[in-house]
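Computed from heavy atoms alone, side chains included, the values below leave out hydrogens, waters and symmetry copies. Note that the structure is predicted; figures quoted are calculated from it, not measured.
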Amino acid sequence: MTVKTETDHLPKVIARGDYAVVAITKHGTQLARKINAVFPGSDLYYMKKFEQGDEGERGITLFEGSVRLLLPELFAKYRGLILIISLGAVVRMIAPILKDKKTDPGVVVVDDKGEHVISVLSGHVGGANELAREVATLIGAYPVVTTASDVQKTIPVDLFGRRFGWVWESDEKLTPVSAAVVNEEKVAVVQESGEKNWWMYDTPMPDTIHVFSSIQKAIAENPAAALVVTHRQLEKAEEAILTNGVLFRPKVLVLGIGCNRGTSAEEIEQVISTTLDELKISIKSVKAIATIDLKKDEVGLLEVARKHRWEFVYYKPEELNQKAISQPSDTVYKFTGAYGVSEPAAMLYSGNDQLLLAKKKSGNVTISVGLISYQ
């Protein structure tokens with residue numbers, strides 16, 4: 001006779017991101033889905049009885065039974081846990097699996113209504129204090145942090161810009177750069193693109209942090225560490241800034257794309273990759289694909305957007321025709337009602353009529369590249 005155990009219904013935990021978002025109630029599930037959608041690098045877990053049908057497409061993991069049985073594996077595989085579960089229950093469930101503040105993940109608790117985000121465990125070393133602030137900012141909640149330290153009033157390197165969708169190129173230097181920030185050494189922040197309102201405190205930036213508009217200027221000041229925010233691929237001479245630095249990729253690029261019906265995802269992706277390499281910009285900084293509404297069901301485009309978790313936006317012909325483009329086409333107008341697709345779509349989404357690439361045709365694909373500017 002086979003005897004079933006409590007763990008028989010537990011899913012296999014595959015950590016794709018650094019953070020796990022977990023919910024066990026109906027309202028908590030909706031909030032968890034919202035957090036997962038806007039917090040890059042997060043994986044979502046909730047109970048199977050709240051299944052909504054798109055879990056496979058979104059990479060969401062469903063589970064049955066007690067969440068208590070799932071927590072040990074989540075503890076071992078994630079940098080941080082965002083739990084939409086009552087604080088008392090969380091304290092009781094994690095108590096038996098705590099090891100050391102140097103190795104335990106950061107744990108934050110969010111109430112069912114999304115009004116408070118509480119830093120519970122590993123506030124400093126595990127980054128829970130900053131995680132609480134980042135999640136609270138994303139959902140319009142109030143962060144609850146009970147520890148008192150100057151570390152709270154500086155840059156959380158591993159979470160820097162995450163609420164905007166920024167991702168790092170490599171995590172190799174996260175620890176030494178974080179140490180330089182915490183130890184109040186001279187730190188350079190070089191920002192060439194991306195959102196400017198990343199300083200989240202109501203106090204002035206520490207004197208040890210200096211903001212530069214170019215890598216060359218930062219290198220000349222010989223900082224102990226650096227945080228570089230750019231969509232560009234660095235030149236050889238600029239790479240010295242990363243000796244003790246972290247390169248962040250802000251989501252600032254839009255790909256305007258037109259293609260023949262039935263164009264494969266593989267061909268579209270190859271054109272994108274080649275084009276970005278030619279422009280010397282990073283695919284990690286892509287935020288969206290923009291096209292015409294006739295392509296809203298184009299399988300290849302949708303597949304590429306889903307794979308990279310890019311926004312997929314489409315415009316009506318009359319919207320596209322509002323933009324003055326370099327090479328309006330009567331042939332394109334005949335079949336689509338628009339004088340161009342990739343170029344005006346990139347302009348509309350980026351809010352910038354000066355494109356990094358006006359238009360390039362390659363095989364079945366036409367591509368334009370726009371840069372979103374932030375003041």
Side-chain angles (χ1 to χ4, degrees), residues 5-25 28-29 31-32 35-36 39 41-47 61-112 114-136 138-139 141-154 156-159 162 171 174-176 178-179 181-183:
T5 67
E6 284 187 294
T7 59
D8 284 349
H9 297 297
L10 290 182
K12 182 176 179 60
V13 173
I14 301 175
R16 300 178 182 87
D18 293 315
Y19 301 90
V21 185
V22 185
I24 59 173
T25 66
T29 294
L31 180 57
I35 293 172
N36 173 245
F39 193 67
S42 65
D43 296 336
L44 180 53
Y45 297 80
Y46 54 77
M47 301 192 75
T61 302
L62 300 173
F63 65 91
E64 297 179 272
S66 174
V67 70
R68 172 181 59 83
L69 302 173
L70 186 64
L71 284 175
E73 196 166 359
L74 298 181
F75 241 66
K77 293 188 175 181
Y78 287 96
R79 180 189 297 271
L81 306 183
I82 303 165
L83 307 178
I84 309 175
I85 304 170
S86 74
L87 177 58
V90 169
V91 170
R92 291 186 181 91
M93 288 189 291
I94 67 174
I97 54 178
L98 300 183
K99 293 181 179 179
D100 184 275
K101 69 178 183 179
K102 296 179 180 178
T103 57
D104 290 336
V107 176
V108 303
V109 165
V110 187
D111 68 86
D112 232 32
E115 295 177 344
H116 298 86
V117 183
I118 307 168
S119 174
V120 177
L121 180 71
S122 294
H124 290 168
V125 180
N129 291 349
E130 301 307 335
L131 181 59
R133 288 191 175 89
E134 291 287 344
V135 174
L138 281 173
I139 64 174
Y142 186 83
V144 180
V145 178
T146 57
T147 53
S149 169
D150 290 337
V151 177
Q152 299 174 15
K153 300 294 184 179
T154 194
V157 177
D158 62 336
L159 291 170
R162 187 171 290 270
D171 62 358
L174 279 178
T175 299
S178 295
V181 172
V182 171
N183 293 330

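Across every non-hydrogen atom of A141 and H116, the tightest pair is CB-N, 4.1 Å. Closest heavy-atom contact between G65 and M47: O-CE, 3.6 Å. Nearest heavy-atom pair across A128 and V108 is O-CG1, 3.4 Å.
Counting only heavy atoms from C-beta outward, the side chains of I139 and V117 approach each other to under 4.5 Å. F63 is listed as a side-chain neighbour of I24, based on a closest heavy-atom distance under 4.5 Å. Within the 4.5 Å cutoff, side-chain heavy atoms of F75 are placed close to those of L98. Side-chain atoms of Y46 and L62, non-hydrogen and from C-beta on, do get closer than 4.5 Å to each other. For the pair D43 and K77, the minimum side-chain heavy-atom distance is 4.5 Å or more.
Here the CD1-CG distance, from I97 to L71, works out to 5.5 Å after rounding to the nearest 0.5 Å. Once rounded to the nearest 0.5 Å, the distance linking OG of S42 with CZ of R16 reads 11.5 Å. N36 contributes atom CG, which lies 12.0 Å from atom OG1 of T29 (distance to the nearest 0.5 angstrom). Rounding to the nearest 0.5 angstrom, the gap separating the OH atom in Y19 from the CD atom in E134 is 8.5 Å. Taking CG from L131 and CZ from F39, the interatomic distance works out to 5.0 Å, rounded to the nearest 0.5 Å. One finds the CD atom of E64 at 12.5 Å from the CG atom of L69 (value rounded to the nearest 0.5 Å).
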Full working for side-chain contact (heavy atoms from CB on, under 4.5 Å) between I85 and M93:
CA-CA 11 Å; I85 304 170; M93 288 189 291; 4.1 Å; yes
Carefully, step by step, assess I35 and I84 under the rule side-chain contact (heavy atoms from CB on, under 4.5 Å).
CA-CA 10 Å; I35 293 172; I84 309 175; 4.2 Å; yes
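Between the side chain of D18 and the backbone N or O of G80 there is no donor-acceptor pair closer than 3.5 Å.
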